[in-house]
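Order of the sequence lines sets the chain letters (A, B, ...), proteins ahead of strands, with each chain counted from 1. What you see is a predicted model, and the numbers here were worked out from it, not measured in a lab.
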Number of protein chains: 2
Amino acid sequence: MLEAPKSDGTVGKALQVLDQVAEFRRPVRFSELLENSPFPKPTLYRFVQTLTNQGMLSFDPDRQTYAMGVRLVRLAHSAWRYSSLARVARPYIEALAAKVGEAVHLAQLDNGHVLFVDRCKATDQFETLAQAGKIAPGYCTGVGKVILAFMPQIEQNRALDQQAYKAYTPSTLTNRAALLTELAQIKADGVAYDREEHEQGIISIACPILTGQGRVVGAVSIASSTNRYTIDDLEKQRPNLLKSANLIGSEAELWQVPTWS
Amino acid sequence: MLEAPKSDGTVGKALQVLDQVAEFRRPVRFSELLENSPFPKPTLYRFVQTLTNQGMLSFDPDRQTYAMGVRLVRLAHSAWRYSSLARVARPYIEALAAKVGEAVHLAQLDNGHVLFVDRCKATDQFETLAQAGKIAPGYCTGVGKVILAFMPQIEQNRALDQQAYKAYTPSTLTNRAALLTELAQIKADGVAYDREEHEQGIISIACPILTGQGRVVGAVSIASSTNRYTIDDLEKQRPNLLKSANLIGSEAELWQVPTWS
DNA sequence: AAGTTAGTTTCAAATAATGAAACTTAGTTT
DNA sequence: AAACTAAGTTTCATTATTTGAAACTAACTT
């Protein structure tokens with residue numbers, strides 16, 4: 001859960017404050033922010049003011065609390081629509097979810113965290129919005145491990161340093177060395193398994209989404225519960241999963257159109 | 001479509017660059033940004049670098065283009081979940097949509113723009129995610145006008161200055177004076193109508209969501225097509241609409257829990 | 001190979017950010 | 001109600017960061 005890789009000037013610091021507010025997961029008072037802040041009172045105060053002016057935070061005058069601002073919703077709309085894989089991938093992950101009858105997740109990596117950008121559950125197609133934008137650790141999820149495995153060395157290193165290696169379950173890999181071994185194996189095999197490493201009873205098979213040049217841009221996974229599925233059952237879905245990931249990869253390739261607006 | 005009310009130091013300028021990238025609605029090259037930028041080359045260059053470092057933009061090295069970064073999706077998740085009305089309002093707007101059998105929109109105001117934070121269409125409950133975060137003009141939509149009508153004077157003034165007053169249809173109110181008259185009438189009446197002012201064939205009835213102290217925090221609308229509905233038909237839904245808005249308002253009131261995490 | 005454009009770096013000058021301290025306001029206690 | 005306390009806000013001299021003209025390099029085009 002550590003942050004702040006390098007403080008990119010004033011802008012970086014301000015964004016750090018934004019993250020801090022986001023972490024609270026509820027409206028927060030100035031004094032609460034101040035307690036956990038590396039910045040002195042007036043500095044933090046001005047950041048919060050600026051961010052509020054800019055609509056990145058919103059201030060509730062009745063309760064004197066700050067929360068994430070609606071401008072973010074607008075900006076993220078662009079991000080989701082024109083930058084994330086979600087848009088291109090949507091039809092494919094829907095098809096996959098329908099075929100397999102289990103939940104399908106689409107993830108990208110955001111500063112060491114796995115960011116779920118979309119998900120389709122065969123049964124209820126709802127709560128997509130509530131799910132998109134959720135984060136999970138990289139080192140103990142199928143999608144996370146597979147993205148890490150296929151990353152370029154340098155970036156991988158940086159990402160591995162950022163993992164918390166907290167033991168969510170008895171199966172969680174809790175140190176860098178163990179994870180590194182697993183990542184090599186995953187890269188050789190082409191898919192990653194989550195054997196209840198993040199949540200008891202939840203298993204998944206994940207594979208990377210690669211561009212033509214072999215860059216990882218995200219991952220897709222089929223997730224299920226140990227009540228219904230075993231790792232072997234998931235393994236049987238490997239061809240379906242790979243096919244979908246390939247299709248998404250090549251579509252993403254074509255997709256970024258040339259300059260003529 | 002004008003921006004930049006006051007340039008909040010370096011942070012404000014950087015966020016201005018973010019907006020600029022968002023407006024392109026596609027991956028964009030540095031030189032394209034430079035053309036429409038108020039900043040000189042090295043300055044813009046550093047902003048883009050910083051924002052990319054910070055994950056607010058993402059850079060595609062293959063194509064040398066910038067797009068909105070995934071970090072925004074994560075931050076917006078918090079915004080949507082803990083700051084927007086969407087979460088509290090969801091059950092109520094779903095119920096309303098089911099009852100009325102027409103599309104129900106939930107909006108908040110973001111710097112003069114109407115920001116749709118959620119929507120339920122009685123038939124297909126899908127594409128919510130694609131809709132959330134969309135923006136529309138304030139002066140020619142039901143939700144927009146009703147929010148403007150119930151705003152405090154000072155803020156209203158600022159917002160009215162920011163409207164574009166472009167004639168989307170023959171019914172659009174195209175100047176401040178006409179809008180102001182209408183707003184007074186709306187405030188007295190309690191609801192706003194969109195009589196095909198934004199889109200030909202689309203009408204709606206909108207009412208404000210108010211806190212106990214009488215602050216507007218958003219608006220709900222029932223929208224329909226002139227093929228199926230008349231303004232009179234919408235008027236008949238007024239009690240349903242008001243009831244839902246009241247429920248959302250009082251729930252939003254209660255909702256921001258005290259400090260004990 | 002010469003020419004052109006896009007992208008990147010340099011560095012002194014200009015500007016904006018910083019934070020200790022003082023101040024104001026709101027809430028609590030005597 | 002006065003005295004006390006804590007939360008939020010402003011001031012201002014100091015410090016550090018941002019700024020942008022110009023120079024440079026890399027990547028295409030002729």
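To the nearest angstrom, P of C:dT5 lies 16 Å from CZ of B:Phe30. Rounded to whole Å, atom P of C:dT10 lies 16 Å from atom NZ of B:Lys41. Nucleotide C:dA20 holds its C1' atom 14 Å from the CG atom of A:Leu34, rounded to whole Å.
A donor-acceptor distance shorter than 3.5 angstrom exists from the side chain of A:Tyr139 to the backbone of A:Lys166, with no hydrogens or angles considered.
As judged by a 4.0 angstrom heavy-atom cut-off over every strand, A:Pro42 is placed among the base-contacting residues.
Close to C:dT5, at under 4.0 Å from its OP1 or OP2, lies no side-chain N or O of B:Ser31. Look at B:Tyr45 and you'll find a side-chain N or O under 4.0 angstrom from OP1 or OP2 of C:dT8.
Remark: B:Arg87 does not engage B:Glu251 in a salt bridge, criterion side-chain N to carboxylate O under 4.0 Å. Using a 4.0 Å cut-off between charged side-chain N and carboxylate O, A:Asp60 and A:Arg63 make a salt bridge. A salt bridge is absent between B:Asp110 and A:Arg71; no separation between the charged side-chain nitrogens and carboxylate oxygens falls under 4.0 Å.
Five base pairs at each end of the helix from C:dA1-D:dT30 to C:dT30-D:dA1 define two local axes, and these are offset by 40° (rounded to 10°).
For A:Tyr66, there are no side-chain hydrogen bond (donor to acceptor under 3.5 Å, both in side chains) partners at least two apart in sequence or on another chain. Residues passing the side-chain hydrogen bond (donor to acceptor under 3.5 Å, both in side chains) test with B:Glu182, sequence neighbours excluded: B:Lys145. Here B:Asp62 pairs with A:Arg215 under the side-chain hydrogen bond (donor to acceptor under 3.5 Å, both in side chains) rule; sequence neighbours left out.
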Full working for side-chain contact (heavy atoms from CB on, under 4.5 Å) between B:Leu75 and A:Leu18 | CA-CA 8 Å; B:Leu75 292 171; A:Leu18 251 197; 4.0 Å; yes
Please assess A:Arg176 against A:Gln163 for the test side-chain hydrogen bond (donor to acceptor under 3.5 Å, both in side chains), listing each intermediate value before the final yes or no.
-> CA-CA 8 Å; A:Arg176 198 189 160 115; A:Gln163 303 305 312; over 6 Å; no
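Put simply, OG on A:Ser31 and NZ on A:Lys41 are 9.5 Å apart, with the number rounded to the nearest 0.5 Å.
Of all nucleotides in DNA chain D having an atom under 4.0 Å from a heavy atom of chain B, the first and last in 5' to 3' order are D:dT18 to D:dA22.
Contact record, A:Ala107 with A:Val114: CB-CG1, 3.6 Å, taken as the closest heavy-atom pair.
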Protein proximity profile, nucleotides 12-17 of chain C - base contact B, sugar-phosphate-only contact S, no contact -, cut-off 4.0 Å on heavy atoms = ----SS
